[in-house]
Number of protein chains: 2
Amino acid sequence: MSVRHAVLGLLAQRPRHGYDLRAAFQAMVGGEENWDVKPAQIYTTLARLEKSGLVKEDSVEQDAGPEKRIYALTRAGQNTLTEWFNSGTEPDHQRDEFFIKLMIGLVSGVADPYQLIHTQRGHLYQELHKLTTQRGLSDPKKELANILMLDKVVMHLEADLRWLDIVEARLDEIQRQPLPEPESKPRGRPRKN
Amino acid sequence: MSVRHAVLGLLAQRPRHGYDLRAAFQAMVGGEENWDVKPAQIYTTLARLEKSGLVKEDSVEQDAGPEKRIYALTRAGQNTLTEWFNSGTEPDHQRDEFFIKLMIGLVSGVADPYQLIHTQRGHLYQELHKLTTQRGLSDPKKELANILMLDKVVMHLEADLRWLDIVEARLDEIQRQPLPEPESKPRGRPRKN
DNA sequence: ACAGCCATGTAACTTGTTACATGATTTT
DNA sequence: AAAATCATGTAACAAGTTACATGGCTGT
């Protein structure tokens, strides 16, 4: 849902061609490690936007190199964009794969929840470490978008880590006063970290 | 990607039919307000899993009411499930719509970033308030999954709020020492909150 | 009698990914 | 001469949503 509007926004800045849009988008989210938009998506999105009348082909440049199909916003496109800005934004309600994995682990008896948590914690710490060293090095020269994205990812990694601690605490609580759960016999808890 | 594996996991617990799977899934994520899985997705997923040989129709019950097509895991399904548990889980790298909205706002000059932040903060506080009162009321009687999901959502809402503060601080910094940005002339910052 | 739950599905559509395919220019 | 970058797209697929369609049983 975001890419569609991002394309409109970038075209509001100035008319652009597909390749340019992709580069601008990637710069905006701080590189492909954060959000790798495939060329295919840009071009198909452009085609769809054109079909919907939100965008139109402005001109075709060709100055040494392949031709560039420049697209521009239509009035309808501008309206759609301002509507987007004026509407609220849902905080993307965490359809988190790990949550599902943990719950399925608890319920199906196929995997040990404590093991899952342990693994995931390691994973998150590793990621966090990678990012914070990255951030420490090149902070001043990086662009705003890049920095903000890093901030965001770090905040959420920390939130996930805090959540894992809470989950563990809650599981411990339950093991002290076991509740009537059918299939899943509680396993012994391995040593912490 | 999650629903597919969730279905496998729930079938590992015991054979089930589509309607039952849906109910179990919804219970697991703590109700439709968190993750509303449509019936259509359950049934199409089951059909795909069957075509892939991970699941097979076990029997058809009919005891007063419509017939229930009971599905069970195949050996291949069990393998897929354990592979899933043994593989790492990416923390769902925040393809957050608000981030894009803010960046496009900054870059396109169409919307005021401070206004966007202000609106979003209000939105998040409201949500947070709704959840914490909800949590305060019925904590002991609720099921584990429900509680964990609430914990998770709250952690991430708080992370988002902290992030908004950081963003504002960074924008203020830039306004004190303006950088060479072409299109977007900085707007006056409206009063906080 | 009607509403609501139980239970199943199909069709059309949207967003996004993967893989393939082409070809020119610039850099090494 | 080869590799990287610029630039465009198509085809097939996967996941998910919306809307539609059907029908029986249960409670008011």
Side-chain angles (χ1 to χ4, degrees), chain A residues 1-8 15-27 29 31-32 34-52 54-55 57-71 80 84 90 92-97 100, chain B residues 1-8 15-27 29 31-32 34-52 54-55 57-71 80 84 90 92-97 100:
Chain A
M1 208 71 264
S2 299
V3 172
R4 191 184 167 83
H5 291 106
V7 166
L8 291 178
R16 293 165 183 271
H17 56 100
Y19 197 89
D20 186 18
L21 281 167
R22 184 177 181 234
F25 187 92
Q26 297 288 34
V29 296
E32 33 173 305
N34 290 321
W35 191 331
D36 186 19
V37 185
K38 322 287 181 189
Q41 195 182 348
I42 297 291
Y43 292 114
T44 52
T45 300
L46 271 175
R48 285 160 185 165
L49 286 172
E50 191 171 29
K51 208 168 62 182
S52 312
L54 304 183
V55 139
E57 202 178 301
D58 199 51
S59 59
V60 178
E61 270 183 43
Q62 181 156 25
D63 47 6
E67 54 178 25
K68 305 171 193 171
R69 303 181 156 212
I70 315 281
Y71 288 87
T80 302
W84 186 54
E90 292 309 311
D92 193 14
H93 253 329
Q94 316 303 338
R95 308 190 154 201
D96 182 353
E97 189 171 355
I100 296 297
Chain B
M1 209 73 258
S2 298
V3 172
R4 192 183 166 84
H5 291 106
V7 166
L8 291 179
R16 294 166 182 272
H17 56 99
Y19 197 90
D20 187 19
L21 281 167
R22 187 181 178 229
F25 187 92
Q26 298 289 36
V29 297
E32 32 174 305
N34 290 321
W35 190 332
D36 185 19
V37 186
K38 322 288 182 189
Q41 194 181 349
I42 297 292
Y43 292 113
T44 52
T45 300
L46 271 176
R48 284 162 186 163
L49 287 172
E50 190 171 29
K51 206 167 62 182
S52 312
L54 304 183
V55 139
E57 202 178 300
D58 199 51
S59 59
V60 178
E61 270 183 43
Q62 181 156 24
D63 47 7
E67 54 178 24
K68 305 172 194 172
R69 303 182 157 210
I70 315 281
Y71 288 87
T80 303
W84 184 56
E90 292 308 311
D92 195 13
H93 252 327
Q94 315 305 337
R95 311 192 152 198
D96 182 353
E97 189 171 357
I100 296 297

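Protein chains get the first letters and strands the later ones, always in sequence-line order, with residue 1 at the start of each.
In terms of phosphate contacts, A:Arg69 brings a side-chain nitrogen or oxygen within less than 4.0 Å of OP1 or OP2 of D:dG9. Of the side-chain N and O atoms in B:Tyr43, none sit less than 4.0 angstrom from OP1 or OP2 of C:dG9.
Under the side chain to side chain donor-acceptor pair (under 3.5 Å) criterion, B:Glu57 pairs with no residue at all, not counting sequence neighbours. With sequence neighbours left out, the side chain to side chain donor-acceptor pair (under 3.5 Å) criterion links A:Arg22 to A:Asp36. Residues passing the side chain to side chain donor-acceptor pair (under 3.5 Å) test with A:Gln41, sequence neighbours excluded: none. B:Arg4 meets the salt bridge (Lys or Arg N to Asp or Glu O under 4.0 Å) test with no other residue; sequence neighbours excluded. With sequence neighbours excluded, no residue forms a ring-ring contact (aromatic ring centres under 6.0 Å, His included) with B:His17.
For the pair A:Leu46 CG and D:dA7 P, the computed distance is 14 Å after rounding to whole Å. Summarising the geometry, the separation between CD on B:Glu50 and C1' on C:dT8 is reported as 14 Å, rounded to the nearest angstrom. Rounded to whole Å, atom P of C:dT15 lies 13 Å from atom CD1 of A:Ile42. The nearest whole Å value for the distance from the CG atom in B:Leu21 to the P atom in C:dG9 is 12 Å. Going from atom CZ of A:Arg22 over to atom C1' of D:dC6 covers 12 Å, rounded to whole Å. Atom NZ of A:Lys51 is separated from atom P of D:dT10 by 11 Å (rounded to the nearest Å). The separation between B:Ile100 atom CD1 and C:dG16 atom C1' is 14 Å, rounded to whole Å. Between B:Leu49 atom CG and D:dA14 atom C1' there is a gap of 12 Å when expressed in whole angstrom units.
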Review point. Could you run down nucleotides 16-21 of chain D 5' to 3' and tag each one B, S or - for protein heavy-atom contact under 4.0 Å?
Key: SBBB--

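Counting all heavy atoms, side chain and backbone alike, B:Gly18 lies closest to B:Tyr43 at CA-CE2, 3.7 Å.
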